[in-house]
Amino acid sequence: MEGSGKARRLPRCPYPSTPGGGSGKISLITRKIAWLIEGANYDPAKIIAVTFTNKAAREMAERTRKLVGSDTRGLTISTFHNLGLNIIRSEQKRLGLRGGFSILDSDDSRKLINELMQREGGDDDMADTVQHAISNLKNDMLSVEQALAMAKSPREMLIAQVYEGYERAKSAYNAVDFDDLILKPVQLFDQHRDALEKWQNRTRYLLVDEYQDTNLSQYRLVKMLAGVRAALTVVGDDDQSIYAWRGARPENLVQLQEDFPQLKVVALEQNYRSTQRILRAANAVIAHNPHVFEKKLWSDLAPGDPIRLVCCKDEQHEADRIAGEIVSQKARGGKWNDFAVLYRGNFQSRLIEEKLRERQVPYKVSGGQSFFARAEIKDLMAYLRLLANPDDDTAFLRVINVPRREIGPTTLEKLAQYAGTRHVSLATAAGELGLAEFLGGQYREKLHRFVHWLDDVRQRLAKLPAKQVLNEMLDELGYEAWLRSQSASPAAWQKRMDNVQSLLDSIHRMSEKEDDQGAKPDIGEVIAKLVLLDMLDQQEENDDSDRVQLMTLHAAKGLEFPQVWILAFEEEVLPHRNSIEANTIEEERRLLYVGITRARRQLTFTYAQKRKQYGEMNSCTPSRFVAELPAADIVREGDGTTASAEQKTQSRDAALAALDALFKK
DNA sequence: GAAACTCCAGTTTTT
DNA sequence: CTGGAGTTTC
């Protein structure tokens, strides 16, 4: 799927290469699966393919289904986290988890950590950093004990202490976080040989996508599942490793060769996506990084247009020029979809959006708020979690006053005190009679009513269809009215109701779907899968509207566009200032490499001479990477040589577009 | 309980 | 300069 890659494989795989996109890494995996099933007679139920994102998993599953004529029943194509969830589920008792355990998303984790830090007396704005640090510790497979023993500075000590409290809280809440979904299976396999053997038997062949993005715990999981048989294929591209900052270890690609010497390395160097000039630029740039695997992309396609390097006066001029050119090039044919504008940071989309709006150009910004970050979805999910898992205090606290139930902080504090002495969860404590010693009549009554109502919904859920019960639940809550009171406009209210409805629809669909044994999942399973699902992705998939694509360089990985613009090709932006300071220029270069290889036909860099930042004008220096591009394939514009004619057209176009916009209003 | 005010930071992000 | 979060105020 990407610009290039490395693959390891067993016997020869006779399925034809399917050009289309990069050098065909996904295609290699799907063909390999097809060959395993049809050529080597593997049982599909014993093949597992893992990816990082739901989107990639979906694409892989779809393409495999198209390729394989015979039955693929039981074939597992899923994300690392989903696979981890299934492993945990198969052994949850041994992992100390009770049925219906909750999965905390990063928001829930951060909130929990924040609370713990207040107890430990740390600064409040540190929660983010600490969350990150704890996640790193976990991905590096360091236990609480190790973290406590290793801590040298007071800062590390604080982190280790919060880590301890965090793990304890999670186990009291009967909850796991995202990192646990990988970590717990590894720990399970470490401690229980039989569980490991069971899963190794279940994994006669393992395939892994984007291997350069694996972290230590994911790497260990792969190694364990593959076992000594080493029946595995992995694809990856060390030059596209752009997530080191969140724990990815591209060196896993090298390590693999040492762990499994029998693996064969296959370099995928032919690229089916980009013109020769674009690939020359990509090769030239990345040649400045040190390499373990040498490779050079080449193409059968035409040399193509030169790569343009456009100098602009300032950021306004830059955005205006890009928007203007997109409009005039679209006029010559093609679709808005063919254009992508890539940038280093999300905030950089604003100006471009403005200029595109001025010209009435439809556009789509990727990134931003995920479906599950929305308040109404978080509310509903918290209710669902609490229904599946009464011990989930995080969920309890979120919904206790949504909608308003007039239960104040003092009441909750007393409830927490009582729950603490009895070592039970908040919801359990709220239902107990002993609470009377702590809390007077009317307050206790409100809590009682709430938990009894929850119990009642829970019972209905066990007997009746989920969709019906949940609709009743929302009615009984008066949730619609509450959302209206919380929404700024009728339109916003409608949007939120639509979101709620689409969540209910997904739940309905998922709870009706039978597994291979013909059994329907219970509500706890459905919720667990939902937390791991990005519904925004799915909505996007169905969204075939024709719009210019705006996204960060990171978000563009794995995608391709006929025409690509890369903004603000300047020092301190690309490479980013922090990366210059942190001396991680190589990763910035890879980010640029990813950006370049997104383009199929045309690639344009822009930079500004000066730029308004934090309210003041600063002059900018073109990126050091400019010097790494092959001079023969570059044309410069706007730096005094060819500018004027083009610029006049640009400003005339802009004026006309503005007039046009006025008329339409 | 919402408006007004102050203060602060300001890459990248999936699950 | 901006937007968001958190705090104060009526």
Side-chain angles (χ1 to χ4, degrees), chain A residues 50-57 78-85 88 103-110 114 123-129 131-132 135-136 138-139 176-184 209-210 213-215 217-218 221 240-248 315 342-351 354 366-373 401 404 406 408 485-486 488 528-537 551-558 567-568 570 572-582 584 587-588 590-592 594-595 611-618:
Chain A
V50 277
T51 65
F52 279 86
T53 64
N54 290 303
K55 201 175 162 193
S78 81
T79 60
F80 265 104
H81 295 265
N82 232 316
L83 176 66
L85 175 63
I88 290 174
I103 300 172
L104 306 183
D105 67 19
S106 358
D107 254 23
D108 301 318
S109 297
R110 206 198 37 247
N114 207 355
D123 282 334
D124 34 325
D125 62 317
M126 268 179 70
D128 252 5
T129 331
Q131 181 186 25
H132 197 173
S135 178
N136 281 342
K138 296 180 73 163
N139 287 331
V176 298
D177 65 16
F178 283 145
D179 299 325
D180 290 329
L181 291 175
I182 313 294
L183 202 61
K184 289 205 182 279
D209 182 33
E210 302 275 26
D213 286 343
T214 51
N215 60 33
S217 57
Q218 286 159 339
L221 185 61
Q240 293 198 50
S241 163
I242 53 175
Y243 288 113
W245 52 274
R246 65 176 198 214
E315 79 283 356
L342 310 182
Y343 34 79
R344 179 65 232 250
N346 279 310
F347 69 96
Q348 291 174 291
S349 71
R350 246 193 251 143
L351 250 188
E354 204 176 286
S366 302
Q369 214 186 22
S370 122
F371 186 82
F372 286 98
N401 270 317
R404 285 273 121 74
E406 251 102 48
S485 75
Q486 295 299 106
K529 297 276 179 207
L530 265 176
V531 180
L532 298 180
L533 239 181
D534 200 337
M535 299 217 287
L536 206 64
D537 263 12
M551 68 189 80
T552 63
L553 287 157
H554 282 91
K557 185 164 151 222
L567 284 195
E570 293 150 23
E572 316 240 296
V573 180
L574 182 65
H576 193 272
R577 181 211 294 237
N578 296 357
S579 301
I580 298 173
E581 276 164 25
T584 52
E587 182 144 313
E588 296 290 293
R590 290 192 290 265
L591 191 56
L592 171 61
V594 167
R611 189 177 287 281
K612 202 183 216 173
Q613 285 167 319
Y614 313 137
E616 55 185 329
M617 272 295 189
N618 290 319

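Chain letters run A, B, ... following the sequence lines, proteins first, then strands; residues in each count from 1.
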- prompt: For dT12(B), does OP1 or OP2 lie under 4.0 Å from any side-chain N or O of Ser579(A)?
  reply: no
message: For Ile242(A) and Val531(A), find the nucleotide of DNA chain B closest to each by heavy atoms; which residue's nucleotide sits nearer the 5' end?
response: Ile242(A)
- prompt: Using the purine O4'-C1'-N9-C4 or pyrimidine O4'-C1'-N1-C2 torsion, is dT11(B) syn (within 90° of 0) or anti?
  reply: syn
Is_stacked (Trp245(A), dT12(B)) at 5.5 Å, 30 deg: yes
Could you go through nucleotides 1-4 of chain C and list every protein N or O atom that sits under 3.5 Å from one of its N or O atoms, giving the distance for each pair?
from: dC1(C); atom 1: O4'; to: Gly615(A); atom 2: N; distance (Å): 3.4

task: Please name all residues satisfying side chain to side chain contact (heavy atoms under 4.5 Å, CB included) with Ala244(A), sequence neighbours left out, ordered by chain then number.
output: Glu587(A)
task: Using the C1' atom as the reference point in each nucleotide, state the distance between dT2(C) and dT13(B) in Å, no decimals.
output: 23 Å
field: Donor-acceptor contact below 3.5 Å, side chain Asn54(A) vs main chain Leu532(A)
entry: yes
- request: Using a 3.5 Å limit on both pairing distances, list the dot-bracket string of DNA chain B from the 5' end; Watson-Crick and G-U wobble pairs count, crossing pairs take [ ], interstrand pairs take |.
  value: ||||||||||.....
Side-chain N,O (Asn346(A)) to OP1/OP2 (dT12(B)) below 4.0 Å: yes
- prompt: Between the side-chain atoms of Thr53(A) and the base atoms of dT15(B), is any donor-acceptor pair under 3.5 Å?
  reply: no
message: Rounded at 0.5 Å granularity, tell me how far CG in Asp180(A) sits from CD1 in Ile103(A).
response: 10.0 Å
- prompt: Between His81(A) and dT15(B), do the rings stack, that is, sit under 5.5 Å apart with planes less than 30° off each other?
  reply: no
- request: Measure up the Trp245(A) and His554(A) rings against each other and bin them: parallel (under 30°), tilted (30 to 60°), perpendicular (over 60°).
  value: perpendicular
query: Would one find a side-chain N or O of Asn54(A) under 4.0 angstrom from OP1 or OP2 of dT15(B)?
result: yes
field: Stepwise side chain to side chain contact (heavy atoms under 4.5 Å, CB included) check, Lys529(A) with Asn82(A)
entry: CA-CA 7 Å; Lys529(A) 297 276 179 207; Asn82(A) 232 316; 3.0 Å; yes
